[in-house]
Amino acid sequence: MTDPLSASLAAAVREARQDRALSAGVLAERSGVSRAMIGKIERGEAQPTAVLLSRLATALGLTLSELIARAEGDDDRRLARREDQPTWQDPVTGYVRRAVSPPGHGATELVEIELPPGAKAGFPASSYAFAEHQVWVLSGQLRFHEGDVVHELAAGDCLQLGRPVDCAYENPGAEPCRYLVVLTKV
């Protein structure tokens, strides 16, 4: 691991699994992530992608933001200054995720994403199972795949997601795409 957040994420996954008295095998079965990969992630030998972290978080009953907040040392601050907002970069797509909301236990979370040109990040339907999602494009172009439906979004467009289906965020443009994801736990 090269950065403190990655090491903290490894510990947060392990601790969340242990808090729920789950074996790595049970977590693997629930998440669809192999037991070997879970072991590598928990030991800090592999940097997980956004998709893997999302699958693990969902299987642990957490949102990805909650898992990252645990890694950052979750507290009850009500103000999150930009310089204190944790960021994480997906090692495969280069997508950068910034948790905008203070790391509390509120029902609504704001997450800013910067998706590089040509990048695509897909998430399984289970990632959307216990939170309503809206996607607001701040700059650039976003092609959002919601199951078989494709939405072409530009700066200023906002999409309310429907029922949980496999989804993918794709940047078809030549410039980075910045968007805000608003998650509300149901």
### Task
Walk me through it: do His151 and Glu146 pass the test side-chain contact (heavy atoms from CB on, under 4.5 Å)?
CA-CA 8 Å; His151 303 277; Glu146 187 176 20; 2.8 Å; yes
### Message
Minimum heavy-atom separation for Ala50 and Trp88, please, with both atom names.
### Response
N-CH2, 3.1 Å
For a quick test of your reading: what N or O donor-acceptor pairs under 3.5 Å do the side chains of residues 124-131 make, sequence neighbours left out?
from: Ser127; atom 1: OG; to: Ser54; atom 2: OG; distance (Å): 2.7
from: Ser127; atom 1: OG; to: Pro124; atom 2: O; distance (Å): 3.3

### Query
So does Arg81 pair up with Glu83, basic N to acidic O under 4.0 Å?
no
### Message
With rounding to the nearest 0.5 angstrom, report the CG to CG distance, Leu53 to Leu56.
### Response
6.5 Å
### Message
Is it the case that over 12 heavy atoms from other parts of the model lie below 6.0 angstrom from the CZ atom of Arg35?
### Response
no
### Spacing of CG belonging to Leu22 relative to CG belonging to Leu60, to within rounding of 0.5 Å
6.5 Å
### Where Ile38 and Ala24 come nearest, the two heavy atoms and their spacing
CD1-O, 3.8 Å
#### Entry: From CG (Leu159) to CD (Glu152), nearest 0.5 Å
12.0 Å
### Message
Between Ile41 and Val26, is there shared hydrophobic-cluster membership here, with clusters defined by ILVMFWY side-chain heavy atoms closer than 4.5 Å?
### Response
yes
### Message
Go through it in stages, so that I can follow the logic: the residues are Val111 and Arg97, the test is side-chain contact (heavy atoms from CB on, under 4.5 Å), and I'd like the CA-CA distance, side-chain angles, deciding distance and then a yes or no.
### Response
CA-CA 7 Å; Val111 180; Arg97 181 183 200 287; 3.6 Å; yes
### Message
Take a 6.0 Å sphere around CD of Gln18 and say whether it holds more than 12 heavy atoms from other residues, nucleotides or ligands.
### Response
yes
### Query
Got a second to check how far Lys120's NZ is from Thr93's OG1, nearest 0.5 Å?
12.5 Å
### Query
Looking only at heavy atoms, what is the nearest atom pair of Glu175 and Pro117, with distance?
C-CG, 3.6 Å
### pair Leu161-Val135: side-chain heavy atoms closer than 4.5 Å
yes
### Test log, rule side-chain contact (heavy atoms from CB on, under 4.5 Å), inputs Asp166 and Phe123
CA-CA 6 Å; Asp166 292 347; Phe123 297 89; over 6 Å; no
### Task
Apply ring pair (Phe, Tyr, Trp, His ring centres under 6.0 Å) to Phe144 and list each qualifying residue two or more places apart in sequence or on a separate chain.
Tyr169
### Query
Is Asp19 atom CG crowded by more than 12 heavy atoms from other residues, nucleotides or ligands, each under 6.0 Å away?
yes
### Task
Could you give me the CA-CA distance, side-chain angles and deciding distance for Cys177 and Val137, then say whether side-chain contact (heavy atoms from CB on, under 4.5 Å) is met?
CA-CA 8 Å; Cys177 176; Val137 179; 4.3 Å; yes
### Query
In the hydrophobic clustering that connects Ile, Leu, Val, Met, Phe, Trp and Tyr at side-chain heavy-atom distances below 4.5 Å, which members other than Val182 occupy its cluster, ordered by chain and number?
Val100, Leu110, Trp136, Leu138, Leu180
### Results of side chain to side chain donor-acceptor pair (under 3.5 Å) for Gln134 - residues two or more places apart only
Gln160
### Query
Can you list the residues that meet the side chain to side chain donor-acceptor pair (under 3.5 Å) rule with Arg17, with sequence neighbours excluded?
Glu42
### Query
Shortest non-hydrogen contact from Ser34 to Ala28?
C-CB, 4.0 Å
## Note on the structure
Nearest heavy-atom approach of His133 to Val181 is CD2-CG1, 4.0 Å
### Which atom of Gln141 lies closest to which atom of Asn171, heavy atoms considered
O-OD1, 3.4 Å
### Message
Checking the side chain of Gln89 only, and the main-chain atoms of Val96 only, is there a donor and an acceptor separated by less than 3.5 Å?
### Response
no
### Message
Among residues at least two apart in sequence or on other chains, which ones pass salt bridge (charged side-chain N to carboxylate O under 4.0 Å, His left out) with Arg178?
### Response
Glu112
